[in-house]
Amino acid sequence: MLFLWGTLITEPFHIFARFIAKAVQYAAKGVGISGIAFSLALYVVVVSVIILLQKFEPTRFGVFIPCAISSAFVLMAVIRSIHNRSVVIGDVIAIAIPAVVALIFYVLKFEKGLKWFTDTYTYSLAIALVNSLLFVPLAKLNGVVQKILYITRYNDLDITGSFAGLAGIPEIVWGLFLTAFAVLPIIYLATIGRRK
């Protein structure tokens with residue numbers, strides 16, 4: 001999925017990351033936080049969502065996660081369309097396809113497929129996080145790297161930008177530091193899940 005991240009195939013998963021970022025942004029405005037505080041809040045929320053999805057996937061609730069996410073997408077798309085008085089066709093298609101697939105899997109009681117779907121959402125969010133923490137700051141180093149790292153074209157999570165130059169430390173170093181802290185529990189939980 002990492003190699004597909006900069007393509008339209010992964011758009012439903014970009015929307016997932018984007019909706020989480022928008023929700024955090026809306027909440028941050030309400031409590032009046034911005035800059036580094038907002039970046040840290042977004043970071044903590046995204047990592048927490050990934051860990052919660054990993055925890056729920058092996059339980060009996062795991063099969064309902066794709067349907068719940070798809071329903072939330074459809075609801076948010078309807079609310080946004082009413083609010084903006086316009087419909088973004090690309091987003092509607094990107095939301096409709098996984099919603100239909102999740103519904104078909106659920107009707108057919110294809111639990112293995114639903115759990116696979118949950119894993120796809122979980123680890124696509126992890127890829128979105130690693131992309132924003134590691135590859136986006138790396139792409140900013142020079143134009144050549146930016147062209148090579150095509151996956152950075154669709155960055156839905158702006159986390160490291162506010163850390164650039166903090167305490168004299170470059171953005172890429174902050175990105176590496178935050179990536180390490182995020183990836184360790186995610187890999188640990190993924191490994192434990194496979195053992196079970």
Side-chain angles (χ1 to χ4, degrees), residues 1-30 33-54 65-66 68-81 83-84 86-99 102 117-140 145-164 171-172 174-176 178-179 181-183 186:
M1 186 177 281
L2 181 62
F3 296 105
L4 296 172
W5 195 245
T7 67
L8 287 171
I9 297 168
T10 55
E11 187 57 24
F13 309 109
H14 283 279
I15 291 170
F16 184 39
R18 200 176 306 138
F19 278 171
I20 291 170
K22 292 283 184 189
V24 174
Q25 190 176 29
Y26 183 77
K29 273 186 183 177
I33 63 168
S34 60
I36 293 170
F38 168 73
S39 294
L40 283 172
L42 180 58
Y43 173 77
V44 168
V45 168
V46 171
V47 173
S48 300
V49 169
I50 295 166
I51 290 170
L52 280 171
L53 288 172
Q54 284 183 297
I65 291 172
I69 291 172
S70 296
S71 299
F73 278 4
V74 171
L75 182 64
M76 284 190 242
V78 169
I79 292 168
R80 192 172 63 180
S81 297
H83 182 263
N84 295 338
S86 65
V87 178
V88 180
I89 300 298
D91 282 1
V92 170
I93 293 167
I95 288 168
I97 292 170
F117 217 156
T118 301
D119 281 344
T120 306
Y121 274 116
T122 304
Y123 297 110
S124 68
L125 191 56
I127 287 167
L129 184 67
V130 171
N131 181 47
S132 69
L133 294 175
L134 197 58
F135 296 118
V136 169
L138 198 61
K140 288 179 184 176
V145 176
Q146 193 170 23
K147 284 176 185 173
I148 294 168
L149 292 173
Y150 63 93
I151 59 172
T152 60
R153 280 185 241 150
Y154 298 102
N155 179 37
D156 303 295
L157 309 171
D158 183 17
I159 297 173
T160 57
S162 59
F163 283 91
E171 184 180 350
I172 184 67
W174 283 111
L176 284 164
L178 292 169
T179 301
F181 267 94
V183 166
I186 292 166

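Numbering of residues begins at 1 and proceeds along the displayed sequence. Model, not experiment: these values are computed from the prediction.
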All heavy atoms of Lys140 vs all of Gly161, minimum pair found to be NZ-CA, 4.3 Å
Just wondering, do Phe135 and Val130 contact through their side chains at under 4.5 Å, heavy atoms?
yes
Heavy-atom nearest pair, Ala41 first then Ile33, reads CB-CD1, 4.1 Å
Give the ring-plane orientation class for Phe73 versus Tyr121, where under 30° counts as parallel, over 60° as perpendicular and anything between as tilted.
perpendicular
Atom CZ of Phe19 and atom CD1 of Ile69: how far apart are they, to the nearest 0.5 Å?
12.0 Å
The side-chain hydrogen bond (donor to acceptor under 3.5 Å, both in side chains) partners of Ser162 (sequence neighbours excluded) come to Ser39
Could you grab the distance from atom CG of Asn155 to atom NE2 of His14, nearest 0.5 Å is fine?
9.5 Å
What closest approach, in Å, do Pro66 and Phe117 show between heavy atoms, and which atom pair accounts for it?
CG-CB, 3.7 Å
Expected list for residues 45-54: side-chain donor-acceptor pairs under 3.5 angstrom, two or more places apart:
| from | atom 1 | to | atom 2 | distance (Å) |
| --- | --- | --- | --- | --- |
| Ser48 | OG | Val44 | O | 2.6 |
| Gln54 | NE2 | Tyr123 | OH | 3.0 |
| Gln54 | NE2 | Ile186 | O | 2.9 |

Find the distance between CD1 (Ile127) and OG (Ser132) and round it off to the nearest 0.5 Å.
12.0 Å
Could you tell me which residues satisfy salt bridge (charged side-chain N to carboxylate O under 4.0 Å, His left out) with Asp156, sequence neighbours excluded, listed by chain and number?
Arg18
State the CG-CD1 distance between Leu42 and Ile20, to the nearest 0.5 angstrom.
9.0 Å
Where Leu157 and Ala17 come nearest, the two heavy atoms and their spacing:
CD2-O, 3.7 Å
Rounded distance (nearest 0.5 Å) linking atom CG of Asp158 with atom CZ of Phe38
7.5 Å
Set out, in order, the CA-CA distance, both residues' side-chain angles and the distance that settles side-chain contact (heavy atoms from CB on, under 4.5 Å) for Leu129 and Tyr43, then state yes or no.
CA-CA 8 Å; Leu129 184 67; Tyr43 173 77; 4.2 Å; yes
Measure the spacing between CD1 of Ile172 and CG of Leu134 and express it to the nearest 0.5 Å.
5.0 Å
